[in-house]
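Remember, it's a predicted structure, so these values are computed and weren't measured experimentally. Any value given below was found using the heavy atoms of this structure, including those in side chains, with hydrogens, waters and symmetry copies removed.
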Amino acid sequence: MKKVLIATTALVMTAGVAAAEVSLSGNGRMGVVYDGADWEFSSRARVVFTLSGTTDGGLEFGGSFRADQAGDGATGDWGADTGNAGSVYISGAFGKIAMGDVASAPEALFGDLASVGYMGDSQGTANGGTNNIPYLTLDDGTQSALLYTYSAGAFSVAASMSDGIGEDLGSGGDDQVYAVAGAYTFGNYTVGLGYEVIDWDAAGVDNTTQLELAAVATFGNTDVKAYYADQQDGIIDAAFGISAATTFGATTVAGYVQQIDAIGGGDVTWYGIGVDYDLGGGAVLSGAIQDDDVTGSDPTANFGVRFSF
């Protein structure tokens, strides 16, 4: 029986080689985490499917999803089969169009602040603060959306939107999101601007908007990133942050600090610092400490090994 399964699997994996390519990769992690109260073990392994192909006219197309995103057999409302996880794309001289669980236009161009620890953004402070920049749209990984990106020389642009169907972001109706962004790179520096909108499906409710300014610089083996976000008709007034990561030999030290100015007070600052040591072969020893200035909050920490296959 085992030989039959192996032969069947090989046949399925090679049947479409002439038309397209399907590759497998993966990642994993194992270690210990401290949540501000207790230490506990934390481990995970994931398999990633990457698909790619080229048309006779030279257009490239493909997609990617994790094995755990293949689909929700119980409800059918979440997964790669419904566009809420994984993504597909087609690209050419016109740029790249992607659909599925895609990033917003600003996040596609600017990314997040430097990641710390072997858990990445899976663990933050005791109150949930991580290295992630608080983008307004498409930042929760639950919406099916469209992302367009295009680069010409030093200029890059992006636009994103959701269809709004069945997406209740808090209004009780079908809320739709839009975003645009642009970036300019000169030497080791990049500056960019992003603008995001939540179009609430509720009478008399103003759209929530957020304007973002981002800058990235590289100084030898050190990368620095900073941003400022101004929000209107939302729950915060502004957010800003900065991070740096420097590599010397097999060691990388990274840190970030962010602050949110909430409407009516209650501003919060959070930060983290981490150290990675590259063991080679896709294994990295990593640890981090993160904390915030919320009264009664204790630091969180993690230490372990992450793998890429």
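Alongside V216, the hydrophobic cluster contains no other residue (criterion: ILVMFWY side chains under 4.5 Å). Counting Ile, Leu, Val, Met, Phe, Trp and Tyr side chains that sit under 4.5 Å apart, directly or through other members, V257 shares a hydrophobic cluster with F155, Y184, F186, Y189, V191, F219, V224, I242, Y271.
Residues S52 and E60 are not in side-chain contact: their nearest non-hydrogen atoms beyond the backbone lie 4.5 Å or more apart.
A search for side-chain contact (heavy atoms from CB on, under 4.5 Å) contacts involving L213 returns L193, not counting sequence neighbours. The side-chain hydrogen bond (donor to acceptor under 3.5 Å, both in side chains) search around D261 returns Q259, not counting sequence neighbours. Residues meeting the side-chain contact (heavy atoms from CB on, under 4.5 Å) test with I235, sequence neighbours left out: Q231. For T55, the side-chain contact (heavy atoms from CB on, under 4.5 Å) test picks out L59, F61, with sequence neighbours left out. Residues passing the side-chain contact (heavy atoms from CB on, under 4.5 Å) test with T185, sequence neighbours excluded: T190.
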Please tabulate, for the side chains in residues 34-42, all donor-acceptor contacts under 3.5 angstrom to protein atoms that are two or more places apart in sequence or on a different chain.
from: Y34; atom 1: OH; to: G36; atom 2: O; distance (Å): 3.1
from: D35; atom 1: OD1; to: A37; atom 2: N; distance (Å): 2.9
from: D35; atom 1: OD1; to: D38; atom 2: N; distance (Å): 2.8

Just list the side-chain donor-acceptor pairs under 3.5 Å for residues 282-292, sequence neighbours left out, or say none.
from: S286; atom 1: OG; to: Y118; atom 2: N; distance (Å): 3.1
from: S286; atom 1: OG; to: D276; atom 2: OD1; distance (Å): 2.5
from: S286; atom 1: OG; to: R306; atom 2: NH1; distance (Å): 3.2
from: Q290; atom 1: OE1; to: Y256; atom 2: OH; distance (Å): 2.6
from: Q290; atom 1: NE2; to: Q123; atom 2: O; distance (Å): 3.0
from: D292; atom 1: OD1; to: N127; atom 2: ND2; distance (Å): 3.4
from: D292; atom 1: OD1; to: V294; atom 2: N; distance (Å): 3.2
from: D292; atom 1: OD1; to: S297; atom 2: OG; distance (Å): 3.0
from: D292; atom 1: OD2; to: T125; atom 2: OG1; distance (Å): 2.9
from: D292; atom 1: OD2; to: N127; atom 2: ND2; distance (Å): 3.1

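Heavy-atom neighbours of F309 CZ from other residues, nucleotides or ligands within 6.0 Å: above the threshold of 12.
Every pair tested for salt bridge (charged side-chain N to carboxylate O under 4.0 Å, His left out) that includes a residue from residues 204-231 fails, sequence neighbours excluded, so the list is empty. The salt bridge (charged side-chain N to carboxylate O under 4.0 Å, His left out) analysis of residues 120-136, with sequence neighbours excluded, yields no pairs. Pairs passing the side chain to side chain donor-acceptor pair (under 3.5 Å) check and including a residue from residues 22-32, sequence neighbours excluded, read R29-S122.
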